[in-house]
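Note: hydrogens, waters and symmetry copies are ignored here, and every other heavy atom, side chains too, is used. What you see is a predicted model, and the numbers here were worked out from it, not measured in a lab.
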Amino acid sequence: MTSKDESTGAAAPGSGSGEAKKLYVRSYGCQMNVYDSQRMVDALAPEGYVETTDMADADVVVLNTCHIREKAAEKVYSELGRVRATRRERAERGRETRIVVAGCVAQAEGGEILRRAPGVDLVVGPQGYHRLPRLLDEAARRPVVETEFPVESKFDALPAPRPEKVLARGVSAFLTVQEGCDKFCTFCVVPYTRGAETSRPVSAVLDEARRLAAAGVREITLLGQNVNAYHGEGPDGRDWTLGRLMRALAEIEGVARLRYTTSHPLDMEQELVEAHRDLAAMMPYLHLPVQSGSDRILAAMNRRHTRDAYRAVIDRVRAARPDIALSSDFIVGFPGETAADFEDTMRLLEEVGFASSFSFKYSPRPGTPAAELGAQVPEAVKTERLHALQALLARQQTAFNAATVGRTVDVLVERPGRHAGQVAGKSPYLQAVQIDEPGIAIGDIVPVTITRQGTNSLFGRLAGAGSERLSA
Ligand code: 5AD
Ligand code: SF4
């Protein structure tokens, strides 16, 4: 899962009061961190904390970190330098500031963070967020490191946000249903930082989805590091698959769109594929990382699938939902990757065709098996391969978007547009669409004829009669 780094959003109403305690949370990395950041805000709301987007105004600063690639952790250490400078300025004004490092860097580095960045008050791993109020109290006395995997579930213990807070976060919401991973790809830190795979019970997921829908949310993206391995306990005492869960979610009134990320090719079960075929709410979009197109490299990565097996999964999904937009993650320069291996990846791209993708240079992560391998690929070669791969991906993305021009798609309106009188939303294929039409309500799903393709979005107008619809 990949997304831009961001803070969790606007200050809560009432944050103008001189008495309120202010909380600033910055999220790095994947969507699961965005979800966790929101839940940290929810955990501290009953303690009287309101959110601020201004770090200089915050009594508590939380960096919710990502450890997936090297630069992400380095970014955190440089950001900590800025946070400590802000704390010094605040101290001159007689204000105290607590600094919290959460997320996967916290889990992986633990007490090392206190050594490398003195002044941090609390280091807390992803499983400890429900304990934040108590941990912050303790941290007022001495620095605290909490990286245990507690027996109680943080999901059961985290308070639910108020409905107005839910809607302020948008009509499209994240919902974590599964955490951790048992796959142990040799390049990946996730099995170590997020731990073994666990799924939330069906009833907990449905309750949270009902609360989101009741607050006005129209689209729910189910999150998990290995989300299609979901196997939460159902009300019947049996484990439910993700496909079965989707069927139950699709019945909740108000839930118009369902998405899920990130999936593993091995877990693309038939029930989930059939949900794509049968449920109007299931959006025709699948993020299914392949990482490499070379069988030799896939084996060295311990991906447990071949390129043919990946293509067979795609064929099954396309048979069920021919218009599905595909997305993937790619790593170039994995140890031992030859020019021929890289060519295999480029060929796979050509054969499958992706609507969008994320691609990275391999970076050795401490403690993972691949970091110990010889034959590390030189940086210049990685850069060259990444450029070639990204150029091809960009061409595919442009072609995919160009094919939408002239067609009519349903757009979920999410926010005001860039210019007055415009609104912005998403197509079923996760394309950003700007609509030149005042007066459309946020949360509406409207048919839009795409008129042109811009650099980052498509542009369109409300569809008239006789247009050709791309989706139900
Ligand atoms: N180096 C480069 N990319 C990585 N990813 C995970 N670990 C590494 C690593 N060590 C990428 C994978 C994964 C995505 C979230 O990040 O492509 O799917
Ligand atoms: Fe990491 Fe592989 Fe698990 Fe994905 S499937 S989280 S890449 S170990």
Step-by-step salt bridge (Lys or Arg N to Asp or Glu O under 4.0 Å) determination, R116 to E74:
CA-CA 11 Å; R116 231 181 120 174; E74 288 312 311; 3.3 Å; yes
Taking all heavy atoms of D267 and all of A229, pick out the closest pair and write down the distance.
OD2-CB, 3.5 Å
With Y260, which of I220, L245, L286, T221 fulfils side chain to side chain contact (heavy atoms under 4.5 Å, CB included)?
L286
Looking at CD1 of I113 and OG1 of T147, how far apart are the two atoms once the value is rounded to the nearest 0.5 Å?
9.5 Å
Applying side chain to side chain contact (heavy atoms under 4.5 Å, CB included) to V290 and F330, what does each step give before you reach the verdict?
CA-CA 7 Å; V290 65; F330 296 93; 3.5 Å; yes
How about Y49 and D59: does a side-chain donor come under 3.5 Å of a side-chain acceptor?
no
Non-hydrogen atoms of P289 and S263 that approach each other most closely:
CD-O, 3.1 Å
Is any side-chain heavy atom of S356 less than 4.5 Å from a side-chain heavy atom of Y285?
yes
Could you tell me the separation between the CD atom of Q453 and the CZ atom of F400, rounded to the nearest 0.5 Å?
11.0 Å
Pair T404, N401: side-chain N/O donor-acceptor within cut-off below 3.5 Å:
no
With side chain to side chain contact (heavy atoms under 4.5 Å, CB included) as the test, would you mind laying out the steps for L348 and R311 before giving the verdict?
CA-CA 9 Å; L348 182 72; R311 290 205 50 195; 3.7 Å; yes
Just do the side chain to side chain contact (heavy atoms under 4.5 Å, CB included) check on N228 and H264 with the steps written out, would you?
CA-CA 7 Å; N228 61 342; H264 190 287; 4.2 Å; yes
About how many Å separate NZ of K22 and CG of D57, when rounded to the nearest 0.5 Å?
3.5 Å
Parallel, tilted or perpendicular: which fits the ring planes of F155 and Y35, with parallel below 30° and perpendicular above 60°?
tilted
Determine the minimum heavy-atom distance between V189 and R365, stating which atoms define it.
CG1-CB, 3.4 Å
Can you see which heavy atom on R321 is nearest to which on H276, and at what distance?
CD-O, 3.5 Å
Cation-pi check, R26 to Y28: give yes when NZ or CZ is under 6.0 Å from the six-membered ring centre and within 45° of the ring axis, no otherwise.
yes
Should Q225 and K183 count as side-chain neighbours, where that means a heavy-atom distance under 4.5 Å?
no
Just do the side chain to side chain contact (heavy atoms under 4.5 Å, CB included) check on Q376 and Y362 with the steps written out, would you?
CA-CA 9 Å; Q376 297 284 333; Y362 170 72; 3.3 Å; yes
Is there a salt bridge (Lys or Arg N to Asp or Glu O under 4.0 Å) between R257 and D410? Walk through the geometry before answering.
CA-CA 11 Å; R257 292 184 161 193; D410 283 342; 5.8 Å; no
Take a 6.0 Å sphere around CD of E351 and say whether it holds more than 12 heavy atoms from other residues, nucleotides or ligands.
yes
Could you tell me which non-hydrogen atom of M268 sits nearest to which non-hydrogen atom of V317, and how far apart they are?
CG-CG2, 4.2 Å
May I ask you to say whether E379 pairs ionically with K361, meaning some side-chain N is under 4.0 Å from a carboxylate O?
yes
Residue pair Y310 / R303, side-chain heavy-atom distance below 4.5 Å
no
Looking just at side-chain N and O atoms, do D329 and H287 make a donor-acceptor pair shorter than 3.5 Å?
yes
Flag the pair L222 / L249 as yes when at least one side-chain heavy-atom distance between them is below 4.5 Å, and no otherwise.
yes
Apply salt bridge (Lys or Arg N to Asp or Glu O under 4.0 Å) to E138 and R142, showing your working.
CA-CA 7 Å; E138 276 177 48; R142 55 176 171 75; 3.6 Å; yes
Would you give the length of the straight line joining atom SG of C30 to atom CG of D36, rounded to the nearest 0.5 angstrom?
8.0 Å
Just checking, any donor-acceptor pair under 3.5 angstrom between side chains of E271 and T241?
yes
Atom pair CG (L393) and CG (L349), whose distance is rounded to the nearest 0.5 Å
4.5 Å
State, with a plain yes or no, whether a side-chain heavy atom of L412 is found less than 4.5 Å away from one of M283.
no
Check step by step if salt bridge (Lys or Arg N to Asp or Glu O under 4.0 Å) holds for R347 and D344.
CA-CA 5 Å; R347 265 197 307 117; D344 284 346; 2.7 Å; yes
If you measure from the Lys or Arg side-chain nitrogens to the Asp or Glu carboxylate oxygens, is any gap between R407 and D323 under 4.0 Å?
no
Can a cation-pi geometry be assigned to R39 and Y129, taking NZ or CZ under 6.0 Å from the six-membered ring centre and within 45° of the ring axis?
no
Which heavy-atom pair separates A106 from V124 by the least distance, and what is that distance?
CB-O, 3.4 Å
Taking atom types as modelled, is there a side-chain donor on S457 or R418 under 3.5 Å from an acceptor on the other?
yes
